[in-house]
Student: 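Just passing along the structure, written as structure tokens.
Computed from a predicted model, the values in this text were never measured in an experiment. Letters go in sequence order (proteins before strands), and every chain restarts at 1.
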Protein chains: 2
Amino acid sequence: MVRMSGNARESGRSTTSRVLALLAAFSRRRPELTLTELAALSGLPPATTHRLAAELLDWGALERAADGRFQVGLRLWEIGALTPAHRELRSAAIPFMEDLYEATHENVQLAVRDGLEVLFVDKISGDSSVVTLTDVGGRAPLHATAVGKIILAFSEPELFAEVAGRELPRSTPHTITLPSVLAQALRAARRDQVAYSLEERSLGASSVAAPVRQADGTLVAALSVVARSSKNVRGLAFAVRTAALGLSRRLAGQGSA
Amino acid sequence: MVRMSGNARESGRSTTSRVLALLAAFSRRRPELTLTELAALSGLPPATTHRLAAELLDWGALERAADGRFQVGLRLWEIGALTPAHRELRSAAIPFMEDLYEATHENVQLAVRDGLEVLFVDKISGDSSVVTLTDVGGRAPLHATAVGKIILAFSEPELFAEVAGRELPRSTPHTITLPSVLAQALRAARRDQVAYSLEERSLGASSVAAPVRQADGTLVAALSVVARSSKNVRGLAFAVRTAALGLSRRLAGQGSA
DNA sequence: AGAGCCTCTTCCGCCGGGCGGAAGCCGATG
DNA sequence: CATCGGCTTCCGCCCGGCGGAAGAGGCTCT
């Protein structure tokens, strides 16, 4: 039998990108993967997947579940927790989020921008409150959420231009899909220091958000409360603003301790 | 001028291990690093560090702070949040931790085992409560903490053997450093379903912990309350046990929703 | 139980991705 | 203006790593 194997590597792809492709294969939808799934999702041959995954396993970036499936390892979580959004912002935010939760007993969320999306960094949810679509680590569009509008309203105008330049995907009949209407909502947000999403992301859920700023006044995050649309979310606006201002003052008052 | 450069690569080190070394360079102590620091901590030449870091930057595993330093990126945090400890355990635990906090207004902590240490997965801390040594993402020794004792008491005996085989480092005058005394404490923990640490980790702070189990009865985490030693932590034992039992029932009742 | 199938794991020879010394760049400092 | 330290780019050599193939193990179906 002739050994006709050898090297048929896919050109133009770095080893680093292969490793990152393995990590990127995991998602909220699919947090546990078999080797074959991992290979398919990362676009790598099974043999390569196996070898690289073994190295990640060895280091602790990945782990194997009881049934042998791959899952994200604690070591990776530990390092991920060093990101500024988690380390500085989240720890400072927790007390204010608790206060907000105790006062309203509704879902309280903390979000930052990543790319052209909102990324939820933390969340406190009561058992009685609305079921929100997105969990911690989840993403949502900027234009359809209250936190997203706050981010758009208080970031550089280039961000709005970028978002408005693309299509504004519709989530519900109430989603804003016209750039001009969105621009008007952002003006109102700048004026009132709060933004709303009234069933624009999912029917039966509305939210109010307020800006969180760091010492120099630039926006770092948005804090929001989600409630059933039947409730008067507008009545929660002052509570959210107050908590967001308190958190901003805390961030300004101390470096990161 | 003769070009005498070329390749002098360090043998026996995979590209993957280099990438992981870069990630491992970040720590709670040093969450922001310059290129030179990153190179020194990872043990890679500056040129290699620069090239690999650029690729990680491009993908979002790393980010640059305003001053140009490297820090862990949101993308990595996002993937780290997919670890079972975060995704299943933490989200299920939050309501119970809140209840515990509202009842006691002391620090509430959730911890899992990683290797021969305790890893804190989540924490709720009031402003009035004791300042704890360890933050979310932080580690602590198994033998000197209440959560660690719970983990030792309800895991396979091999774990205790492994820990007792090594030295038990002393943190305070009250730290248990004799395997026989530790074994006795673990027997008491198994009997009472709670474990204590009475100023064994840091003076002025004591804690009570209880086991969190999954459907099949195996231990998955430990829940604890930290209080000033002057307070009677023993009085908090039932509260912690109740919350831990509630959380265990929740984990048994549903897969991961 | 034997055949067929699928997934996981191991092996190894060929080769191009990636290594890192050197040089160039840039801002800070004396 | 010279010096210095850290950051970035360049590029030719070479060995780490790629992945097809084969082997092992487990499951279903007939």
Student: Flag the pair R90(B) and D122(A) as a salt bridge only when some basic side-chain nitrogen lies within less than 4.0 angstrom of an acidic carboxylate oxygen.
Tutor: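 Salt bridge present between R90(B) and D122(A).
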Student: Do R213(A) and F154(A) form a cation-pi contact, if we require the NZ or CZ to be under 6.0 Å from the six-membered ring centre and within 45 degrees of the ring's axis?
Tutor: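 Yes - R213(A) lies over the ring of F154(A), closer than 6.0 Å to its centre and within 45° of its axis.
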Student: Given dG17(D), is OP1 or OP2 found less than 4.0 Å from the side-chain N or O atoms of T15(B)?
Tutor: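 Yes.
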Student: In whole angstrom, what separates L35(B)'s CG from dT9(D)'s C1'?
Tutor: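 Nearest whole value for this atom pair: 13 Å.
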Student: Considering only NZ, NE, NH1 and NH2 on the basic side and carboxylate oxygens on the acidic side, decide whether E117(B) and R113(B) come within less than 4.0 Å.
Tutor: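 So E117(B) does not pair with R113(B) through a salt bridge.
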Student: Examine distances only and state if a side-chain atom of T83(A) and a backbone atom of H86(A) form a donor-acceptor pair shorter than 3.5 Å.
Tutor: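 No, the answer is negative, given that no donor and acceptor are paired below the 3.5 Å cut-off.
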Student: Send over the distance from R13(B) CZ to dG18(C) P, rounded to a whole Å.
Tutor: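 For the pair R13(B) CZ and dG18(C) P, the rounded distance is 16 Å.
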Student: Are any of the side-chain nitrogens in R51(A) or E55(A) under 4.0 Å away from the carboxylate oxygens of its partner?
Tutor: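 Salt bridge: no.
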Student: Nearest-nucleotide wise, let me know which of T16(A) and F70(A) is further upstream toward the 5' end of DNA chain C.
Tutor: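 Its nearest nucleotide being more 5', the pick is F70(A).
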Student: Less than 4.5 Å apart, side chain to side chain, heavy atoms only: is that true for K149(A) and L186(A)?
Tutor: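 Yes, side chains in contact.
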Student: Think R18(B) has a side-chain N or O under 4.0 angstrom from the OP1 or OP2 of dG20(C)?
Tutor: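 True: R18(B) side-chain N/O within range (under 4.0 Å) of dG20(C) OP1/OP2.
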Student: Residues from residues 39-64 of chain A sitting under 4.0 Å of DNA chain D, heavy atoms only?
Tutor: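 Under 4.0 Å from DNA chain D: P45(A), A47(A), T48(A), R51(A).
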Student: Angle, rounded to 10°, between the helical axes spanning five pairs at each terminus of the helix from dA1(C)-dT30(D) to dG30(C)-dC1(D)?
Tutor: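 One end axis against the other gives 40°.
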Student: Tell me whether H50(A) contacts the main-chain N or O of A39(A) through its side chain, where contact means a donor paired with an acceptor under 3.5 Å.
Tutor: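 Not a single qualifying donor-acceptor pair exists.
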Student: Would E78(A) and R139(B) pass as an ion pair if we require N to O under 4.0 Å?
Tutor: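 Judged by the 4.0 Å cut-off on N to carboxylate O distance, E78(A) and R139(B) do form a salt bridge.
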